[in-house]
There are 2 protein chains.
Amino acid sequence: MDVRTLCLAVLYQGEASGYEIKKAFKEGAFSHFQDASFGSIYPALGRLSTEGLVECTQMAQEKRPDKKVYKLTQSGEDTLITSLLAPPTPDRFTSDFFFVLYFAELLPLPQVIKLLDQRISFYKETIERMTQCDPASLPTGRRLCHGLGLTVYQNSLTYLEENKERFITELRSQHETPRTSSPDTKTKDINLKQIDTNRHAS
Amino acid sequence: MDVRTLCLAVLYQGEASGYEIKKAFKEGAFSHFQDASFGSIYPALGRLSTEGLVECTQMAQEKRPDKKVYKLTQSGEDTLITSLLAPPTPDRFTSDFFFVLYFAELLPLPQVIKLLDQRISFYKETIERMTQCDPASLPTGRRLCHGLGLTVYQNSLTYLEENKERFITELRSQHETPRTSSPDTKTKDINLKQIDTNRHAS
DNA sequence: ATAACATATATCAGCTTGATATATGTTGAA
DNA sequence: TTCAACATATATCAAGCTGATATATGTTAT
């Protein structure tokens, strides 16, 4: 989804400033499956205003910079619904965690352990935050989103906790016995390089 | 990770052309957690060549355009390792599926059912492809990536299958009894708009 | 005190995507 | 048979987006 549609979606839930829209992606309702930066939000709001999909009210504030509060118009609401009806584009998931983990054998063991521990903490914190919300209070669509997302985090945590020790033990034994015979580094690299690139990894 | 590092990573597993590197992201080893387009791969390879991180060999082919095969140099290998040691950036997940599902109440029910069925098919196909690979044959790091990824897909599938019917029934009852009293559309919208934007959704 | 963080908007270099162009071969369906 | 769809192969580019930076001020914790 383009940022303009994302802004309409946030504004559907109530009027907001650019700064508040950013928060919806950073820590709010959409934070687990959409994102947008200030650099795209502010221009998007400008264009949505010009096109009449949102209305802007300048709010003078004491001791704060002026706030521009945007509100969805009927036209904006219609446009949002139309966008929702279009065939969804495929998910996009990019993860340095998976990428680095993939090459675990090439890295110092403490580095890999740190990576896993940080990931476990991340899952725990995310689950903690998500379970503070009572699913029963959410509208139907939001509740399914919430439940599916929470399931993913919970099962990922369980998987990592169940496999962490075995994984580390295995890596350690590979570090101690670098390879079958000679200490020639090339051998290891050549073996790794022969692995089929066209098989699935995660 | 920038596309230059991603190219180094693919080339670490064996020499390849730009086209073949793209395949590693589209359907190959990195397809579940990284992506890159031709528009970024070809310029990246050019720059990596200039910097001496890869070497290029022009391969004349019968009945096919020339192929430029790139190979990692020692310098490129070192650069890859250094990049892997840097603190990983947070995951980025963007999903139209979640985004549309979030607004399920606003859409025609057949549309929502189609969305769920397509998602279930997607999970099934992905799991099918991933289980064709024998995890025991993978190096340690790749095996953990593979296992964690597969777990996510399998649990997502299970969750959707277990909750689909209840979810649809609930949406249907909302469509049949749009709200407590009057058929005034505004009422529904206002209710929805009062929902707290700053709570978690997935 | 003072550093870190929060509110609030805005700009911009640089990177990336998705579409398009070019040229050719293969495969499967009508 | 023909013809569309798909695969191999490289390359370019407008449009969009990120991440950093600038500006101005208030609050909170150390």
Side-chain angles (χ1 to χ4, degrees), chain A residues 1-7 10 15-28 30-31 34-50 54 56-70 83 86-94 96 197-198, chain B residues 1-7 10 15-28 30-31 34-50 54 56-70 83 86-94 96 197-198:
Chain A
M1 284 294 173
D2 55 30
V3 176
R4 291 171 65 243
T5 307
L6 294 182
C7 288
V10 176
E15 48 182 52
S17 65
Y19 189 81
E20 286 161 347
I21 289 172
K22 173 65 187 163
K23 275 216 297 188
F25 298 121
K26 199 186 163 199
E27 41 193 30
F30 298 99
S31 62
Q34 293 293 344
D35 199 10
S37 64
F38 288 125
S40 57
I41 290 171
Y42 285 117
L45 288 171
R47 209 177 131 189
L48 289 169
S49 265
T50 309
V54 301
C56 177
T57 318
Q58 198 103 16
M59 313 269 278
Q61 291 190 119
E62 317 130 29
K63 315 192 171 184
R64 285 257 171 261
D66 274 11
K67 203 178 181 176
K68 287 185 189 170
V69 176
Y70 294 89
S83 299
T89 59
D91 292 1
R92 172 169 296 171
F93 176 62
T94 46
D96 273 15
T197 313
N198 292 321
Chain B
M1 285 293 172
D2 57 29
V3 178
R4 290 171 65 241
T5 307
L6 294 181
C7 288
V10 176
E15 49 181 50
S17 64
Y19 189 81
E20 286 161 348
I21 289 172
K22 173 64 186 161
K23 276 217 296 188
F25 297 120
K26 198 185 162 201
E27 41 193 31
F30 298 99
S31 61
Q34 293 292 346
D35 198 10
S37 64
F38 288 125
S40 57
I41 291 171
Y42 285 118
L45 288 170
R47 208 176 132 190
L48 289 170
S49 264
T50 309
V54 302
C56 178
T57 318
Q58 197 103 15
M59 310 270 277
Q61 291 190 118
E62 317 131 27
K63 316 191 171 186
R64 285 257 170 262
D66 275 12
K67 203 178 182 174
K68 288 184 188 170
V69 176
Y70 294 89
S83 299
T89 59
D91 291 2
R92 172 169 296 172
F93 176 62
T94 46
D96 273 14
T197 314
N198 292 322

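Bear in mind that the values here come from a model prediction, so they are computed numbers and not experimental data. To find a chain, count down the sequence lines: A is the first, B the second, and so on, and within it residues start at 1.
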Open item on the list: Taking side-chain hydrogen bond (donor to acceptor under 3.5 Å, both in side chains) as the definition, give me every residue that meets it alongside Thr94(B), ordered by chain and number, with sequence neighbours left out.
Closed with: none
Task: Contacts of type salt bridge (charged side-chain N to carboxylate O under 4.0 Å, His left out), residue Lys22(A), not counting sequence neighbours - done: Asp35(A)
TODO: Could you please spell out the steps behind the side chain to side chain contact (heavy atoms under 4.5 Å, CB included) verdict for Asp96(A) and Gln34(B)?
DONE: CA-CA 8 Å; Asp96(A) 273 15; Gln34(B) 293 292 346; 4.0 Å; yes
Please write out the pairs of protein N or O atoms and N or O atoms of nucleotides 15-19 of chain D separated by less than 3.5 Å, giving the distance to one decimal.
from    : atom 1 : to       : atom 2 : distance (Å)
dC17(D) : OP1    : Val3(A)  : N      : 3.2
dT18(D) : OP2    : Ser37(A) : N      : 3.0
dT18(D) : OP2    : Ser37(A) : OG     : 3.1
dT18(D) : OP2    : Ser40(A) : OG     : 3.0
dT18(D) : O3'    : Arg92(B) : NH2    : 3.4
dG19(D) : OP1    : Arg92(B) : NH2    : 3.1
dG19(D) : OP2    : Arg92(B) : NH2    : 3.2

TODO: Compare side-chain N and O positions of Tyr19(A) against OP1 and OP2 of dT9(C) and report whether any pair is under 4.0 Å apart.
DONE: no
TODO: May I ask you to evaluate whether Lys23(B) reaches the phosphate of dA9(D), defined as a side-chain N or O under 4.0 Å from OP1 or OP2?
DONE: no
Task: Phosphate-side-chain proximity, Tyr42(B) and dA11(D), N/O vs OP1/OP2 below 4.0 Å - done: no
- [ ] Please determine if a side-chain N or O atom of Lys22(B) lies less than 4.0 Å away from the OP1 or OP2 oxygen of dT8(D).
- [x] no
TODO: To the nearest 10°, let me know how far the axis at one end of the helix from dA1(C)-dT30(D) to dA30(C)-dT1(D) is tilted from the axis at the other, five pairs an end.
DONE: 50°
TODO: May I ask you to verify if any side-chain N or O of Ser17(A) is less than 4.0 angstrom from the OP1 or OP2 atom of dT9(C)?
DONE: yes
Task: Partners passing side-chain hydrogen bond (donor to acceptor under 3.5 Å, both in side chains) against Ser40(A) (at least two apart in sequence or in another chain) - done: none
Task: Ser49(A) OG to Lys68(A) NZ distance, which is reported to the nearest 0.5 Å - done: 8.5 Å
TODO: For Asp91(A), enumerate each residue passing the salt bridge (charged side-chain N to carboxylate O under 4.0 Å, His left out) test, keeping only those at least two apart in sequence or located in another chain.
DONE: Arg119(B)
